[in-house]
Every structure is written in structure tokens, then in C-alpha cells.
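These notes concern the structure reproduced below.
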Amino acid sequence: MWRWIRQQLGFDPPHQSDTRTIYVANRFPQNGLYTPQKFIDNRIISSKYTVWNFVPKNLFEQFRRVANFYFLIIFLVQLMIDTPTSPITSGLPLFFVITVTAIKQGYEDWLRHNSDNEVNGAPVYVVRSGGLVKTRSKNIRVGDIVRIAKDEIFPADLVLLSSDRLDGSCHVTTASLDGETNLKVCLHVLEYCS
């Protein structure tokens, strides 16, 4: 019943089903029964701002802080009511703090954009149309078979299909996910690394 209500309100697109069919190496059926499914892409976005939303979003975040909001109220009261002190005494320090913080946060976000572009542009080998194709990590799609060499970073969530080791195992570090630097062993297909 809830699914029907969500669908009627537009929260649940009607073209999606409860099951997902993933075609390995993007080999789709030829009989015309294929319905394209919408999966999210593999891009990593860790930045908070864009060029268009930096000023309003940054000002909103800064004035959520109690101290900045307090000095803004004091500045506005001094502008409206005749006070013995000048509005400049509270407005200038507020403007300075807001400007320096905006510059610092803008620079940090620019570094995040550069880091995202580096990760998204990393070269990856993927099986497509029966051959090994070099592409970028942001272009990996659900169902792609990805070749990972020794000491390479996994560009997406992957399932181990095979390994070149005699026992079929693979050693994985998850330091970027959980901070553990010890190696975890994966033995065969669909086994969770523990």
C-alpha cells in the first residue's frame, strides 16, 4: 500500500521495479525485452560548493554560528537605532571574519574539487564489447568487469571474480574506509573480505 501511495505522489518512479537485473559486461538481450534501468554513476563528489551556490550557502553556514549571528544582530540594531557607538565598530570585524572564513572554506573546497577530479579521472581497464578498454573511473557502470592490478586502488565497490594467485585469494586494505591498515583476505567469488 505504501509503495502505491509513494508512486501516486511521485516519490517512486513507475519504471523501476522491485528487482534489478544487471547485465555483466553490458551485454544486453537481443530479443527486445530489455528495459533500461537507471543506476547512479561512479563519480565521487566530496565538495560542498559549486560556483553558483558558494555565496548563499557559505553565508547561510556562517550565520548559523551563534557568534556571527549575534554580531549581525548588533550591527543591524546599531544601524537602525541611534547608539553612542558607530555601526562600524561591530560591522567591520564581522565583515573581516566572514570574508576570511569564506576565503578559507573556498580554498579548501577548491582542493576537494581537485582531489575529486584526480580520483574520477584515474585510468581503469574495463571489459566492454569483449575486449579490454581503458577508461576513467567515473565512467564505470553497474555490471562492468574491472581489471585491478597489484597495488591499485579499487575505483568502485567490486566483487572478486578471479585472482592470479594459486589459491585464488586477494589481499585488500580498507584503510580509506575504516582506518584499519591490516590486510584482509578474500578467497573466492562473492566472499566478504574479513
Side-chain angles (χ1 to χ4, degrees), residues 2-18 20 22 26 36-124 126 134-144 146 148 152-158 172-181:
W2 288 109
R3 181 168 177 73
W4 181 82
I5 292 172
R6 286 193 320 245
Q7 198 171 18
Q8 296 304 316
L9 294 175
F11 294 121
D12 198 8
H15 67 277
Q16 291 183 348
S17 64
D18 290 334
R20 292 183 2 170
I22 299 171
N26 294 308
Q37 296 182 9
K38 180 84 170 141
F39 296 111
I40 61 170
D41 58 3
N42 195 46
R43 284 182 297 147
I44 294 174
I45 301 172
S46 63
S47 55
K48 293 196 302 189
Y49 306 110
T50 64
V51 174
W52 308 111
N53 72 1
F54 177 74
V55 172
K57 197 171 184 180
N58 187 273
L59 287 175
F60 174 75
E61 286 184 14
Q62 289 201 47
F63 285 118
R64 279 186 13 195
R65 296 185 185 122
V66 176
N68 290 349
F69 186 70
Y70 171 77
F71 280 107
L72 177 66
I73 296 298
I74 295 297
F75 174 69
L76 292 175
V77 166
Q78 286 181 340
L79 280 178
M80 291 182 212
I81 301 171
D82 189 24
T83 59
T85 59
S86 171
I88 295 175
T89 58
S90 61
L92 198 58
L94 177 66
F95 178 74
F96 177 76
V97 168
I98 297 288
T99 304
V100 168
T101 306
I103 290 171
K104 179 183 90 56
Q105 289 180 350
Y107 177 70
E108 289 172 353
D109 203 62
W110 178 71
L111 292 177
R112 277 191 224 105
H113 275 286
N114 289 344
S115 174
D116 292 347
N117 290 337
E118 182 180 329
V119 170
N120 290 331
V124 175
V126 175
K134 185 176 182 180
T135 185
R136 295 179 176 191
S137 104
K138 68 179 178 181
N139 297 329
I140 295 175
R141 298 184 297 227
V142 173
D144 280 345
V146 181
I148 303 293
E152 281 187 2
I153 296 174
F154 280 24
D157 291 339
L158 302 175
V172 179
T173 179
T174 58
S176 63
L177 298 175
D178 57 12
E180 291 187 27
T181 56

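Only a predicted model underlies this, so the values are computations on that prediction, with no experimental measurement involved.
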I need the minimum non-hydrogen distance between Pro123 and Lys134, along with the two atoms involved. CB-CE, 3.5 Å

CG/Leu76 to CD1/Ile81 distance, rounded to the nearest 0.5 angstrom? 10.5 Å

So which heavy atom on Pro87 is nearest to which on Gln78, and how close? CA-OE1, 3.3 Å

Roughly how far, to the nearest 0.5 Å, is the CD1 atom of Ile44 from the OG atom of Ser137? 6.0 Å

Does Asn58 reach the side chain of Thr101, with side-chain heavy atoms less than 4.5 Å apart? no

Flag if over 12 foreign heavy atoms under 6.0 Å of CD1, Ile153: no

Mark yes or no for whether Lys57, through its side chain, and Lys48, through its backbone, hold a donor-acceptor pair below 3.5 Å. yes

Determine whether Asn114 and Trp110 make a side-chain contact, defined as any pair of heavy atoms from C-beta on separated by less than 4.5 Å. yes

Main chain of Ser46, side chain of Asp116: is a donor-acceptor contact present, judged purely on distance under 3.5 Å? yes

Rounded to the nearest 0.5 Å, what separates atom CG in Leu94 from atom OG1 in Thr89? 11.5 Å

Name the atoms and distances for all side-chain donor-acceptor pairs under 3.5 Å in residues 63-71, with sequence neighbours left out.
residue : atom : partner : partner atom : Å
Asn68   : ND2  : Gln62   : O            : 3.0

Out of curiosity, Leu79 CG to Ile74 CD1, how far, rounded to the nearest 0.5 Å? 11.5 Å

For the CE atom of Met80 and the CZ atom of Phe75, what is their distance to the nearest 0.5 Å? 10.0 Å

Please confirm whether the backbone N or O of Arg43 pairs with a side-chain atom of Asn120, one donor and one acceptor, at under 3.5 Å? no

Please check if atom CZ in Arg136 has more than 12 non-hydrogen atoms from other residues, nucleotides or ligands closer than 6.0 Å. no

Steps toward salt bridge (charged side-chain N to carboxylate O under 4.0 Å, His left out) verdict (Lys104, Glu108): CA-CA 6 Å; Lys104 179 183 90 56; Glu108 289 172 353; 3.4 Å; yes

With rounding to the nearest 0.5 angstrom, report the CD1 to CG distance, Ile45 to Asn117. 10.0 Å

State whether the side chain of His113 and the backbone N or O of Thr50 hold a donor-acceptor pair below 3.5 Å, judged by distance alone. no

For the backbone of Tyr49 and the side chain of Asp109, can you confirm whether one donor and one acceptor N or O come within less than 3.5 Å of each other? yes

Would you say CG of Leu59 has more than 12 non-hydrogen atoms from neighbouring residues, nucleotides or ligands within 6.0 angstrom? yes

